[in-house]
Participant: 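Sending over a structure as structure tokens; questions will come in a sec.
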Amino acid sequence: MRRKLVAGNWKMNGSSESIRGLLQGIKEGAAPVAAVELAVFPPFVYLGLVEQQLSGTTVAWGTQNLSEQVSGAFTGEVAGSMLNDFHCAYVIVGHSERRTLYGETDDLVARKFAAARKVGIKPILCVGETLEERDQGVTESVVERQLKAVLDLEGVEAFNDAVIAYEPVWAIGTGRTATPQQAQEVHAFIRAKLAERNSTVAAKTRILYGGSMKAANAVELLAMADIDGGLIGGASLEAKEFLAIARAGC
Ligand code: PEP
């Protein structure tokens, strides 16, 4: 049985003050949704604050990115070992905004995935097609290519300690959600690709859906057989809405 994970990607939003309030709200409402694992992903600079506020609670935290490098002259980058200093459980790699706005290739994403594992932090690997790719009918081949880059570098067993997030690019921040059936199809495809290499790992791996998920559509999405939680952007910036999504997964 896969425990659902509801993860909040705060992107480049928040301030010390707003984050204190958001975390307070999440902590206060976490107990009734304890069946679901919660995690939040602040901007790097708020990691200390988040660790301080969440230590000793059931809510996990991590970052939205990391460097593929270990240390050295890489201005502006943050290494996995530094995330360990703040006891991050997870790190998001290959978010579509990183791929499209910052040119992250499948190969670089795979190396970031490896860098996270090397320091014992669970990567959340994001995959997903653009609207153009969906319209061209190449969704599966795009997702397969993104997944294969990681599988070839790290092996399927790496997913014993990793999570996948299927995030159709056309659904991120657009208010347009994949239907539960559309999402389920791709989730089942991803699981089948893992199963080709190792069926035990495939059965265990959590595959989250991301893309304009909110309380109003979460029940239907989270009821699908292969949807094991959500990676939530906009709706994770409000404690009530974030917790309502988690409730939908209980
Ligand atoms: C995301 O950024 O991962 C995301 C899913 O964003 P939103 O929920 O705002 O579409």
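FYI, the numbering just counts along the sequence from 1. Reckoned from all heavy atoms, side chains included, excluding hydrogens, waters and symmetry mates.
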Participant: Are V50 and F86 close enough that some pair of their side-chain heavy atoms sits under 4.5 Å apart?
Facilitator: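 No, too far: nothing below the 4.5 Å cut-off.
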Participant: What residue among D107, V93, L125, I92 forms side-chain contact (heavy atoms from CB on, under 4.5 Å) with K112?
Facilitator: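 The option that passes is V93.
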Participant: Enter the distance from Q181:CD to L221:CG here, rounded to the nearest 0.5 Å.
Facilitator: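 The distance works out to 9.0 Å.
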Participant: Between T63 and F44, is there a donor-acceptor pair closer than 3.5 Å when you use the side chain of the first and the backbone of the second?
Facilitator: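 Absent.
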Participant: Tell me, with the steps shown, if D106 and Q146 meet side-chain hydrogen bond (donor to acceptor under 3.5 Å, both in side chains).
Facilitator: CA-CA 6 Å; D106 294 337; Q146 293 169 334; 4.7 Å; no
Participant: Which atoms form the tightest heavy-atom contact between R191 and T205, and what is the distance?
Facilitator: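 Reported closest heavy-atom pair: NH1-O, 2.7 Å.
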Participant: So do the side chains of I207 and F189 get within less than 4.5 Å of each other, counting heavy atoms only?
Facilitator: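 Side chain of I207 against side chain of F189, heavy atoms only: no contact under 4.5 Å found.
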Participant: Distance check, rounded to the nearest 0.5 Å: L108 atom CG versus R99 atom CZ?
Facilitator: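 Answer rounded to 0.5 Å: 9.5 Å.
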Participant: Any side-chain donor paired with an acceptor under 3.5 Å for E28 and Q24?
Facilitator: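 E28 vs Q24: donor-acceptor pair found between side chains.
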Participant: Shortest non-hydrogen contact from A246 to L38?
Facilitator: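 Shortest heavy-atom separation between A246 and L38 comes out as CB-CD2, 3.7 Å.
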Participant: Can you check whether T139's main-chain N or O pairs, donor with acceptor, with R134's side chain at less than 3.5 Å?
Facilitator: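 Side chain of R134 to backbone of T139, a donor-acceptor pair under 3.5 Å: no, none is there.
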Participant: For W170 and E129: C-alpha separation, side-chain torsions, deciding distance, then whether side-chain hydrogen bond (donor to acceptor under 3.5 Å, both in side chains) applies.
Facilitator: CA-CA 8 Å; W170 47 273; E129 81 289 2; 2.9 Å; yes
Participant: So I26 and L22, side chain to side chain contact (heavy atoms under 4.5 Å, CB included) or not? Walk me through it.
Facilitator: CA-CA 6 Å; I26 293 173; L22 178 53; 4.0 Å; yes
Participant: Counting neighbours of CD on E220 that are heavy atoms of other residues, nucleotides or ligands and sit closer than 6.0 Å, is the number greater than 12?
Facilitator: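 For E220, atom CD is not crowded (no more than 12 foreign heavy atoms under 6.0 Å).
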Participant: Is there a side-chain contact between V40 and F242 in this structure, where contact means two heavy atoms from C-beta onward sitting under 4.5 Å apart?
Facilitator: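 Of all side-chain heavy-atom pairs linking F242 with V40, at least one is under 4.5 Å.
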Participant: Please round to the nearest 0.5 Å and tell me the distance separating atom CZ of R111 and atom OG of S67.
Facilitator: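 With rounding to 0.5 Å, CZ (R111) is 9.5 Å from OG (S67).
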Participant: Would you call E104 and N65 a side-chain contact if the rule is heavy atoms closer than 4.5 Å?
Facilitator: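 Touching, per the 4.5 Å side-chain cut-off.
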Participant: Would a hydrophobic clustering, with Ile, Leu, Val, Met, Phe, Trp and Tyr connected at side-chain separations under 4.5 Å, put I172 with Y166?
Facilitator: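 Per the 4.5 Å side-chain linkage, I172 and Y166 are not co-clustered.
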Participant: Looking at every heavy atom in both I124 and A165, which two are closest together, and how far apart are they?
Facilitator: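 Taking I124 first and A165 second, the nearest heavy atoms are CG2-CB, 4.0 Å.
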Participant: Is the shortest heavy-atom distance from the side chain of Y209 to the side chain of L222 under 4.5 Å?
Facilitator: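 Answer no - side chains too far apart.
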Participant: Are the side chains of C88 and F41 in contact, using a 4.5 Å heavy-atom criterion?
Facilitator: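 Side-chain contact under 4.5 Å: no.
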Participant: Would a hydrophobic clustering, with Ile, Leu, Val, Met, Phe, Trp and Tyr connected at side-chain separations under 4.5 Å, put L5 with V33?
Facilitator: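 No, L5 does not connect to V33 through the hydrophobic network.
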Participant: Could you see if I164 belongs to whatever hydrophobic cluster contains V142? Use Ile, Leu, Val, Met, Phe, Trp, Tyr and a side-chain cutoff under 4.5 Å.
Facilitator: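 No, no single cluster joins them.
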Participant: Quick one: pull up CG in N160 and CZ in R117 and give me the separation to the nearest 0.5 Å.
Facilitator: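 Here the rounded value is 8.5 Å.
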Participant: Take V163 and L231 through the side chain to side chain contact (heavy atoms under 4.5 Å, CB included) test and state the conclusion after the steps.
Facilitator: CA-CA 11 Å; V163 174; L231 182 54; over 6 Å; no
Participant: Nearest 0.5 Å, please: how far is NZ in K27 from OG1 in T57?
Facilitator: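 Answer for the OG1-NZ pair, T57 versus K27, is 7.0 Å.
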Participant: Side-chain contact test, heavy atoms from C-beta onward, threshold under 4.5 Å: evaluate it for W10 versus I19 and give yes or no.
Facilitator: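 Answer yes - side chains close enough.
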Participant: Hey, is the main chain of A195 close enough, under 3.5 Å, to the side chain of S199 for a donor-acceptor pair?
Facilitator: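 No, S199 side chain to A195 backbone: no donor-acceptor pair under 3.5 Å.
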Participant: Do you know the tightest heavy-atom contact between A235 and I245?
Facilitator: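 Smallest heavy-atom distance, with atoms named: CB-CD1, 3.9 Å.
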Participant: With a 4.5 Å limit on heavy-atom distance, are the side chains of E97 and Q64 in contact?
Facilitator: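 Contact flag for E97/Q64 side chains = no.
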Participant: For side chain to side chain contact (heavy atoms under 4.5 Å, CB included), just list the numbers for E154 and F159, CA-CA rounded to whole Å, side-chain angles, deciding distance to a tenth of an Å, and then say yes or no.
Facilitator: CA-CA 9 Å; E154 287 288 274; F159 285 92; over 6 Å; no
Participant: Hydrophobic clustering (ILVMFWY, side-chain heavy atoms < 4.5 Å, transitive) - are L208 and V36 grouped together?
Facilitator: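 No, V36 and L208 fall in different hydrophobic clusters.
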Participant: Rounded to the nearest 0.5 Å, how far does NZ of K214 lie from CD of E241?
Facilitator: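 One finds 8.5 Å between CD of E241 and NZ of K214.
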Participant: Do the side chain of N13 and the main chain of L237 share a donor and acceptor less than 3.5 angstrom apart?
Facilitator: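 No; zero donor-acceptor contacts below 3.5 Å.
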Participant: Does a side-chain N-to-carboxylate-O contact under 4.0 Å join R197 and D152?
Facilitator: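 Salt bridge: yes.
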Participant: Apply side chain to side chain contact (heavy atoms under 4.5 Å, CB included) to the pair S81 and V70, showing each step before the final yes or no.
Facilitator: CA-CA 7 Å; S81 61; V70 172; 5.8 Å; no
Participant: Look at K193 together with E196 and state whether they make a salt bridge at an N to O cut-off of under 4.0 Å.
Facilitator: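 Yes.
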Participant: Nearest heavy-atom pair of V169 and S96: which atoms, and what distance?
Facilitator: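 Closest heavy-atom pair between V169 and S96: CG2-CB, 3.7 Å.
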Participant: Any idea which heavy atoms bring V156 and V201 closest together, and the distance?
Facilitator: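 So the minimum-distance heavy-atom pair works out to O-CG1, 3.4 Å.
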Participant: Apply the salt bridge (Lys or Arg N to Asp or Glu O under 4.0 Å) test between D228 and each candidate in K204, R206, R2; give the one that qualifies.
Facilitator: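 Testing each of K204, R206, R2 against D228, the sole residue satisfying salt bridge (Lys or Arg N to Asp or Glu O under 4.0 Å) is R2.
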Participant: If hydrophobic clusters are built by linking Ile, Leu, Val, Met, Phe, Trp and Tyr wherever their side-chain heavy atoms come under 4.5 Å apart, do V78 and Y90 end up in the same one?
Facilitator: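 Different clusters: V78 never reaches Y90 through Ile, Leu, Val, Met, Phe, Trp or Tyr contacts under 4.5 Å.
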Participant: Measure from the side-chain N and O atoms of E140 to the backbone N and O of V186, and report whether any donor-acceptor pair falls under 3.5 Å.
Facilitator: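 A pair under 3.5 Å: no.
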